[in-house]
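The chains referred to below are lettered A, B, ... by the order of the sequence lines, with proteins before strands, and numbering in each begins at 1.
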Protein chains: 2
Amino acid sequence: MGDTNWLNDDEMAAWQAFLMAGALLDRRIEEQLKADSGLSHLQYEVLVRLSAAPDDELRMSELAGAVITTKSGLTYQITQLEKAGLVRRRTCAADVRGVYAVLTDAGRARLERAAPGHVEVVRAHLIDVLSEDQVRALKDGLGEVVRRLGGG
Amino acid sequence: MGDTNWLNDDEMAAWQAFLMAGALLDRRIEEQLKADSGLSHLQYEVLVRLSAAPDDELRMSELAGAVITTKSGLTYQITQLEKAGLVRRRTCAADVRGVYAVLTDAGRARLERAAPGHVEVVRAHLIDVLSEDQVRALKDGLGEVVRRLGGG
DNA sequence: GGCAGGTGGTTCAAATTTGAATCACGTCTC
DNA sequence: GAGACGTGATTCAAATTTGAACCACCTGCC
């Protein structure tokens, strides 16, 4: 102990590539989404999760976990989306404290309008740049990383 | 055309894993760095780049490119680091508009103190979770992604 | 019933990030 | 050597993010 197990060259290169690819790609995505449909990436992800959920609704805390934000961050963004008419809040019958975020028709429409351009960016800059093996490595390897970090 | 080339299941899983792993890992890193040495991840990266540069200094714009931030974002953070005594500014002799950010001794000391814990987190939650092949896939695949996005 | 402790969301102030000006210079052309 | 134009960095206001209270409510336990 006391001696750090530093990263070797490959490991360092992998880590840096991971870090920079994430940052650069996110920047592109943010730019495209904002220009194309006026949504931030986070807002887009929120709409995606809701549209995939039963009855188009999720509890605030589940949603926060799914999109990896803080509770207060989600409260803010849901308020923004509500102002824009893309989402509405519904209080939970069983537990008065609980709040559901519900996708509205306008929200679904906005999502459907935004999705093609978004997927195109992800494909062009990430998926299509990788080999099939590399895609599988991301899915398996990073999938395990997510599982261990409690994000599954 | 008009028909979107959607992601298949594996591609979607890979993309989601990439996204969530980045977010979850960054959260851990941020937490560890803040607790352990009072630095944000961005500030840590700034110190790393400076310490690796000749004469421990880099132009503001180079630094902004290296850590993937906006110019104004970097201006803000360098000001913070300067207040903390970890970095200082030096105007460029050849071009009066240019500014170098220079690592101070205190900055280097802080970096050296922070590094072991940081590497440990990256290793524990990312590198050691992956197989050698998967590490290579990140390095090669995401390295290419970065190159094409103009981050190399 | 009534209270201790935990949970789900919100609120609030402070820190950070963003992007569009802006400022002060280099550079290039005629 | 005077503009026209591009660059490097900062400034500014607005938007977002963060984390620590906080509030209201559930749940167990006595």
Item to check | Which residue lies more 5' along DNA chain D, comparing A:Ser40 with B:Lys34 via nearest heavy atoms | outcome: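 Upstream on the strand: A:Ser40.
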Item to check | Residue whose closest nucleotide on DNA chain D lies nearer the 5' end, A:Tyr76 versus B:Thr79 | outcome: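 Looking at DNA chain D, the more 5' nearest nucleotide goes with B:Thr79.
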Next on the checklist: By the 4.0 Å heavy-atom rule, please label B:Arg89 as base, sugar-phosphate, or nothing.
Outcome noted: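 Touches sugar-phosphate only.
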Next on the checklist: Students often get this wrong, so: under 4.0 angstrom with heavy atoms, is A:Gly73 touching a base, only sugar-phosphate, or nothing?
Outcome noted: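 Contact class for A:Gly73: base.
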Next on the checklist: Students often mix this up, so state it plainly: with edges at 30° and 60°, are the rings of A:Phe18 and B:Phe18 parallel, tilted or perpendicular?
Outcome noted: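 Ring orientation of A:Phe18 relative to B:Phe18: perpendicular.
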Next on the checklist: Please verify the inter-ring angle class for A:His41 with A:His118; under 30° counts as parallel, over 60° as perpendicular, anything in between as tilted.
Outcome noted: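 Rings of A:His41 and A:His118: tilted, as their planes differ by 30° to 60°.
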Checklist entry - Which nucleotide of DNA chain C is the first, and which the last, in the 5' to 3' direction, to come under 4.0 Å of a heavy atom belonging to chain A? => result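 For DNA chain C, the relevant span reads C:dG6 to C:dT11.
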Item to check | Test: B:Glu31 and B:Arg27 ion pair at under 4.0 Å | outcome: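 A salt bridge is absent here (no side-chain N lies under 4.0 Å from a carboxylate O).
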Checklist entry - Is the shortest distance from a Lys or Arg side-chain nitrogen in B:Asp133 or B:Arg136 to a carboxylate oxygen in the other one below 4.0 Å? => result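 Answer for the salt bridge query: yes.
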Next on the checklist: For D:dA9 and B:Ser61 - does any side-chain N or O of the residue sit under 4.0 Å from the phosphate oxygens OP1/OP2?
Outcome noted: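 Answer yes for this pair, as a side-chain N or O of B:Ser61 is under 4.0 Å from OP1 or OP2.
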Item to check | For atom CD of B:Gln77 and atom P of D:dA9, their distance in whole Å | outcome: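 These atoms are roughly 17 Å apart.
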Checklist entry - To the nearest angstrom, how far is B:Glu82 atom CD from D:dT10 atom C1'? => result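 Going from CD in B:Glu82 over to C1' in D:dT10 covers 13 Å.
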Next on the checklist: Run the side-chain contact (heavy atoms from CB on, under 4.5 Å) test on A:Glu120 and A:Arg123 for me, step by step, so that the C-alpha distance in whole Å, both residues' side-chain angles and the decisive distance to 0.1 Å come before the verdict.
Outcome noted: CA-CA 5 Å; A:Glu120 219 162 279; A:Arg123 184 173 277 298; 5.8 Å; no
Item to check | Qualifying residue for side chain to side chain contact (heavy atoms under 4.5 Å, CB included) with B:Leu42, from B:Thr69, B:Ile68, B:Leu33, B:Leu47 | outcome: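 The option that passes is B:Thr69.
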Check the interface with nucleotides 22-26 of chain D: list each N/O to N/O pair with the protein under 3.5 Å, or write none.
residue, atom, partner, partner atom, Å
D:dC25, O2, A:Arg97, NH1, 3.2

Item to check | Any B:Tyr76 side-chain heavy atom under 4.5 Å of B:Gln80 side chain | outcome: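 With C-beta onward as the side chain, the pair touches.
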Next on the checklist: Do A:Glu45 and B:Gln16 have side chains that approach each other closer than 4.5 Å (heavy atoms only, starting at C-beta)?
Outcome noted: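 Yes, close enough: below the 4.5 Å cut-off.
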Checklist entry - Apart from B:Tyr100 itself, what residues make up its hydrophobic cluster, given side-chain heavy atom links below 4.5 Å? => result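 Besides B:Tyr100, the hydrophobic cluster comprises B:Val102, listed by chain and residue number.
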Item to check | 5' priority, DNA chain C, between A:Arg27 and A:Tyr100 [closest heavy atom] | outcome: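 By nearest-heavy-atom nucleotide position, the 5'-most residue is A:Tyr100.
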